[in-house]
Number of protein chains: 2
Amino acid sequence: MKTSPAVEKFLRSIYLLEVRNQKASGITLASKLNISPAAVTDMAIKLANKGLIKYQKHQSVKLTTKGLKVALNASRKHRLWETFLHKTLKLSLDEIHIEAELIESNTSTKLLNMMEEYLNFPEHDPHGDPIPDKNGILPEKQKFTPLNENIPGSYQIGRIHFESNEINDFFTEYEFKVGDILELVLIFKMDNALLIKRNKVSMVISNNIASRILVNKVIS
Amino acid sequence: MKTSPAVEKFLRSIYLLEVRNQKASGITLASKLNISPAAVTDMAIKLANKGLIKYQKHQSVKLTTKGLKVALNASRKHRLWETFLHKTLKLSLDEIHIEAELIESNTSTKLLNMMEEYLNFPEHDPHGDPIPDKNGILPEKQKFTPLNENIPGSYQIGRIHFESNEINDFFTEYEFKVGDILELVLIFKMDNALLIKRNKVSMVISNNIASRILVNKVIS
DNA sequence: TTATAAAATTAAGTTTACTTAAAAAATGAA
DNA sequence: TTCATTTTTTAAGTAAACTTAATTTTATAA
């Protein structure tokens, strides 16, 4: 099934929401894709006719099996490119998303597979998100929790959630990376901000930012 | 000046013809770009209005200074990607053109410059074509001659001319590369085919193919 | 419950990059 | 020079991916 860049981005957006158990409503998609709500309805009808999504008036859309397949392949493209740009060309964590979006759409399967091999079949991109293999199979799911939902203790960053315009370059500025060890010292009652320590340096981060940092407990 | 993929390809096509002193006529462009002659006229009018080309009814088009600038940047993109795909991802000489065409259009200046640095500022792509720098300046021109226009003797390949659908995978099959040393033994009077020797292996190549191999005389 | 705000849809229109088919102009061989 | 072929243009139309503006539907809060 040939799919245009716009269709791939649309389906990938739905996938990203579904995977986090969020509803793919009109406005949400419109804002994620930076298009008008009318354009979303438009596209939804088209894709429903192609059997890629389930769509009923005034309800959030859902991927069909067929649509999921396309979305997984789009994610694969995106995440392999992100990994490649980061590992090979040393683009920073907050640049790779945008750059990948620009390039990815017309990547051939052949090139994609060569990139994957060159990168030695990575299972996760630099944000920690899983990369589907060429059959659309995801690596075994690790269960991380948002840092802000934990009690004081030591944690390792397993994933960092931020898409283009959602969060600023916080993570780049402070060089938070997948694999880093953080110590959660306490959570302030007043505003739910978190006092954390990394490499012996203390800092306070907002609850919102902490919710984007997914971690695993470290037994120390 | 923002330019679409279609516009960039159009201007680059004209540039490629002009640089070889060929006229950028309607049918030529139509066949190079795989679009209808009507689409060429269409685009020509649009680009002339934007001051990117000079266009007069029933005449071949010409790049303006402004248009040349865009074309040079498009060539830079294309050739850097080709180099990158070949050097880093090991795509073969006859694959890089097609793959680069698919990806190149939306490459950001930033990414392009990082690629260039990663590749250590190459002056020529794997076909031997010159890569404009970020200011659109081409490396000093080397003057090669088509192999078929030479007399018997030793030559080094300086450039190989073949675009996507023009020539088959001859060069890949026989692994002719820029830098290779060829010995021209003789040119057959009958069909102008060439008897050449490379690495002590003799072979006969057609005049047409030889015309795509640009060489320098080697003083041996 | 009902007014109001939010979300989604419909309708109409736009731009880009094409297409086909027919007409007109230019070119080139006899 | 003229007639046929080639090339180019014109005209009309299409598909994708949007937009704005108005309308309808749904959700929410008093």
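Quick caveat, the model's predicted, so the values are computed rather than measured. Residue numbers begin at 1 in each chain, while the letters A, B, ... track the order of the sequences.
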Atom pairs and distances, side-chain donor-acceptor, residues 39-52 of chain A, under 3.5 Å, sequence neighbours left out:
unit_1: A/Thr41; atom_1: OG1; unit_2: A/Pro37; atom_2: O; d: 3.4
unit_1: A/Asn49; atom_1: ND2; unit_2: A/Ile45; atom_2: O; d: 3.3

ask   = Does atom CD of A/Glu117 have more than 12 heavy-atom neighbours, drawn from other residues, nucleotides or ligands, at distances under 6.0 Å?
value = no
query = So, do A/Arg212 and A/Pro146 sit near enough that their side-chain heavy atoms are less than 4.5 Å apart?
reply = no
ask   = Between the side chains of B/Glu99 and A/Ser108, is a donor N or O closer than 3.5 angstrom to an acceptor N or O?
value = yes
query = Starting at CD1 of B/Ile27 and ending at C1' of C/dT27, how long is that distance when rounded to a whole Å?
reply = 11 Å
Anything under 3.5 Å between a protein N or O and an N or O of nucleotides 22-26 of chain D, put it in a table, one pair a line.
none

key: Degree of bending, the helix from C/dT1-D/dA30 to C/dA30-D/dT1 (end axes from five pairs; round to 10°)   = 0°
query = Hey, can you pull the residues of residues 35-50 of chain B with a non-hydrogen atom under 4.0 angstrom from DNA chain D?
reply = B/Pro37, B/Ala38, B/Thr41
query = Could you state the NZ-C1' distance from A/Lys23 to C/dA7, rounded to the nearest angstrom?
reply = 14 Å
task = Dump the intermediate steps for ring pair (Phe, Tyr, Trp, His ring centres under 6.0 Å) on B/His78 and B/His97, then the final yes or no.
result = CA-CA 8 Å; B/His78 184 71; B/His97 178 75; 4.8 Å; yes
ask   = Sequence neighbours excluded, which residues qualify as side chain to side chain contact (heavy atoms under 4.5 Å, CB included) partners of A/Pro152?
value = none
ask   = For A/Lys2 and D/dA15, what is the distance between atoms NZ and P respectively, to the nearest whole Å?
value = 15 Å
ask   = Separation of A/Glu8 atom CD from D/dA17 atom P, in whole Å?
value = 11 Å
inquiry  = Whether A/Tyr55 contacts C/dT9 is assessed here as follows: a side-chain N or O lying under 4.0 Å from the phosphate OP1 or OP2. Is that the case?
reply    = yes
query = Hey, mind stepping through B/Lys134 and B/Glu116 against salt bridge (charged side-chain N to carboxylate O under 4.0 Å, His left out) and telling me if it holds?
reply = CA-CA 9 Å; B/Lys134 71 174 82 179; B/Glu116 186 183 30; 5.5 Å; no
key: Side chain of A/Ser4 - closest among C/dA17, D/dA17, C/dA7   = D/dA17
key: Length of the CG-P vector between A/Asn34 and D/dA17, whole Å   = 17 Å
inquiry  = Testing the 3.5 Å rule here: is there a donor-acceptor pair between the side chains of A/Ser206 and A/Asn208?
reply    = no
Passing option when B/Glu104 is tested against B/Arg79, B/Arg76, B/Lys77, B/Arg12 for salt bridge (Lys or Arg N to Asp or Glu O under 4.0 Å) = B/Arg12
key: Centroid separation B/Phe84 to A/Phe84 less than 6.0 Å   = yes
Salt bridge (charged side-chain N to carboxylate O under 4.0 Å, His left out) contacts in which one or both residues fall within residues 106-115 of chain B, not counting sequence neighbours = A/Glu95-B/Lys110
